[in-house]
Protein chains: 2
Amino acid sequence: MSQTVDRALSILPLLAEGPADLGQVADRLGVHKSTALRLLRTLHEHGLVYRQSDQRYRLGARLFALAQEAVENLDVREIAHPHLVRLNEQCGHTVHLAVYEENEVLYIDKVESRYPVRMYSRIGKPVAITVAAVAKLLLADLPEAERRALADKLDYPMYTARSIPNAPAFLKELATVREQGWATDLGGHEESINCVAAPIRGADGRVAAAMSVSAPNVVVTADELLTLLPLVRRTADAISRDYSGRTPAKEAPQEMSTE
Amino acid sequence: MSQTVDRALSILPLLAEGPADLGQVADRLGVHKSTALRLLRTLHEHGLVYRQSDQRYRLGARLFALAQEAVENLDVREIAHPHLVRLNEQCGHTVHLAVYEENEVLYIDKVESRYPVRMYSRIGKPVAITVAAVAKLLLADLPEAERRALADKLDYPMYTARSIPNAPAFLKELATVREQGWATDLGGHEESINCVAAPIRGADGRVAAAMSVSAPNVVVTADELLTLLPLVRRTADAISRDYSGRTPAKEAPQEMSTE
DNA sequence: TGATGCGTTGCGCAATGTGCAACGGTCATT
DNA sequence: AATGACCGTTGCACATTGCGCAACGCATCA
């Protein structure tokens, strides 16, 4: 909607691919060098872009700080965290918390496995949306129309032989998940990794977040992991209760009303 | 330099404090609602801003993804990481990696302590620049003029009685650190936490990053922590060797030439 | 010493972003 | 149920703001 801002912001994903010099930025934006320079300067002043010693531009430090503050302001995360830790203490595996936002599912919290073999994932990283157990739960709760539209737009990469191959299969899987109230990913993303997941609901009953327990085959078999399902669901329900128990304000949970 | 972009970017730190509605954003920017709306829309299209169910705006998901890609493009981090893990395995304490950028020092990697009592810190979070051991190393290596200018601009909050109180004391400390090639923070940030840190140098001999080991008093005394200094320095030197040994390209370290 | 390639600057033009005023929806109040 | 206040949204006319051009300074390389 705003040309200047639009151009400026387009620089960021461009630089995310790697450092670039003024000329490259100008070319890829399709604008004159002087224009690119002005935009980069403004981004620089705000710390979103950094000029390294060879004069090339890179994404800047403030970006981290912003992402950091953003994640800390998510109140589901704050409420869920102690529960996730407790669950991790009980079962020892990696625990994830994820939310849906604008056609993406992303991890917003993680408690690392206590086993030496860990899975790779990172807070803030978009999730493999067509296969991850948490993604299934979050998408299954979308309004029908939106769900269909999204399923059509997605790519269905075959990470493994068990990956979900296409939109119809995905919608079918979502229907099942929606029905049963929990989800799994059995080697659909990485051959040797399985997950069980359960939904966290807000006061309105909608799925606000989802959590999962993941473990590689070498540690526990899929069947063994599934025995954890009741525990995972109980944890998710406990979080739901905490989360829906209070207004979206920031007061301490123990206080109620007055006012 | 560019008014529109400047205004748009000013919205981000504002939203980092917490969600805000259109009116609030417009007020704090000092612009008309319609202007704020247009800016927010543009930010929204780029995923930097998210509109939550109560219509208020929050920082968006793409921000995480960007910060994520940014941190992964830092090659010091990539090279240093295995060394940090090894050091953590040897001593068990929290290990940090930090860089200096635009008047800030920030953590770009961290390996958690294996002791139950952990210190609070977060990747991406700016460091307490006047007291942290890694900050001292990074600032000590700045050109004289820049170092003075920065020291004058800084605030010197008295986190504890041992915090560095003012610019002259800070510059003196930096001189010592520069001289000896390592740094400590003994309860200058949090009363009960001590750190030892060592510099990582690039091919040009300049300090490119700094790493530290931190531990609370309840786990080891300051004296005990100081006995780790040789180990920390050896690790930092090993990273320096890895880091300066090759061109800023992205090839695997073991391969050499061909081409 | 000339030549090429880069980032940078000043400038005149008009495209772009601006604030205004009016609309339409939602919610609380009576 | 009706009224009013509030907030987000839209279209528009004005001029501020950002635009591309061309010229400059400064490196590196021939």
Side-chain angles (χ1 to χ4, degrees), chain A residues 1-12 14-15 17-60 101-102 143 202-204 206 246-249 257-259, chain B residues 1-12 14-15 17-60 101-102 143 203-204 206 247-249 259:
Chain A
M1 290 250 113
S2 166
Q3 191 195 61
T4 320
V5 178
D6 185 51
R7 285 173 170 171
L9 297 182
S10 303
I11 294 178
L12 298 178
L14 195 151
L15 290 184
E17 295 169 21
D21 62 33
L22 179 62
Q24 294 169 337
V25 172
D27 282 351
R28 296 203 44 187
L29 274 188
V31 299
H32 196 263
K33 281 188 302 177
S34 60
T35 305
L37 180 66
R38 211 156 355 93
L39 299 176
L40 280 165
R41 282 218 179 114
T42 314
L43 289 168
H44 181 90
E45 271 174 23
H46 287 258
L48 299 185
V49 144
Y50 176 62
R51 192 142 201 208
Q52 46 187 27
S53 43
D54 62 352
Q55 290 230 104
R56 292 191 303 168
Y57 293 92
R58 251 205 310 106
L59 291 181
E101 190 175 312
E102 312 270 329
D204 53 1
R206 298 274 321 270
R246 55 171 188 143
T247 54
S257 77
T258 317
E259 197 226 8
Chain B
M1 287 252 114
S2 168
Q3 193 195 61
T4 320
V5 178
D6 185 50
R7 284 174 170 171
L9 297 182
S10 304
I11 294 178
L12 298 177
L14 195 153
L15 290 184
E17 296 170 20
D21 62 32
L22 178 62
Q24 294 169 338
V25 172
D27 282 352
R28 297 203 40 187
L29 274 187
V31 299
H32 193 97
K33 282 187 302 178
S34 59
T35 305
L37 180 65
R38 211 158 356 92
L39 299 176
L40 281 165
R41 280 212 181 119
T42 313
L43 289 168
H44 181 89
E45 270 174 24
H46 287 259
L48 299 185
V49 145
Y50 176 63
R51 191 141 201 208
Q52 46 187 29
S53 43
D54 61 352
Q55 292 230 101
R56 292 190 304 168
Y57 293 93
R58 253 206 306 107
L59 292 181
E101 190 174 314
E102 310 273 327
D204 54 0
R206 297 274 323 266
T247 52
E259 191 229 9

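Computed from a predicted model, the values in this text were never measured in an experiment. Below, read A as the first sequence line, B as the second, and so on, with proteins coming before strands; counting in each chain starts at 1.
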Are [X] and [Y] side-chain neighbours, meaning at least one heavy-atom pair lies under 4.5 Å?
{"X": "A:D6", "Y": "B:H46", "answer": "yes"}
{"X": "A:L12", "Y": "A:V49", "answer": "yes"}
{"X": "A:L9", "Y": "B:L9", "answer": "yes"}

Between [X] and [N], is there a side-chain N or O to OP1/OP2 distance below 4.0 Å?
{"X": "B:R38", "N": "D:dT10", "result": "no"}
{"X": "A:S2", "N": "C:dG17", "result": "yes"}
{"X": "A:R41", "N": "D:dG18", "result": "no"}
{"X": "B:T35", "N": "C:dG17", "result": "no"}
{"X": "B:H32", "N": "C:dT18", "result": "no"}

Atom [atom1] of [X] to atom [atom2] of [N]: distance rounded to whole Å?
{"X": "A:R51", "N": "C:dC6", "atom1": "CZ", "atom2": "C1'", "value": "10 Å"}
{"X": "B:Q24", "N": "D:dC6", "atom1": "CD", "atom2": "P", "value": "15 Å"}
{"X": "A:L40", "N": "D:dG18", "atom1": "CG", "atom2": "P", "value": "15 Å"}
{"X": "A:L39", "N": "D:dT17", "atom1": "CG", "atom2": "P", "value": "16 Å"}
{"X": "B:L37", "N": "C:dC20", "atom1": "CG", "atom2": "P", "value": "16 Å"}
{"X": "A:L22", "N": "C:dG7", "atom1": "CG", "atom2": "P", "value": "5 Å"}
{"X": "A:R56", "N": "C:dC6", "atom1": "CZ", "atom2": "P", "value": "13 Å"}
{"X": "A:Q55", "N": "C:dC6", "atom1": "CD", "atom2": "C1'", "value": "8 Å"}

Checklist line | CD-CG distance between B:Q24 and B:L15, expressed to the nearest 0.5 angstrom | finding: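 Interatomic distance, B:Q24 CD to B:L15 CG, rounded to 0.5 Å: 9.5 Å.
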
Next item on the list: To the nearest 0.5 Å, tell me how far B:R38 CZ sits from B:T4 OG1.
Entry: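 B:R38 CZ to B:T4 OG1: 8.5 Å, rounded to 0.5 Å.
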
Next item on the list: Between A:Q3 and A:K33, name the one whose nearest nucleotide on DNA chain D is closer to the 5' end.
Entry: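 Result: A:Q3.
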
Next item on the list: Kindly indicate whether the side chain of B:S34 and the base of C:dG19 share any N or O donor-acceptor pair separated by less than 3.5 Å?
Entry: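 Answer yes: a donor N or O sits under 3.5 Å from an acceptor.
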
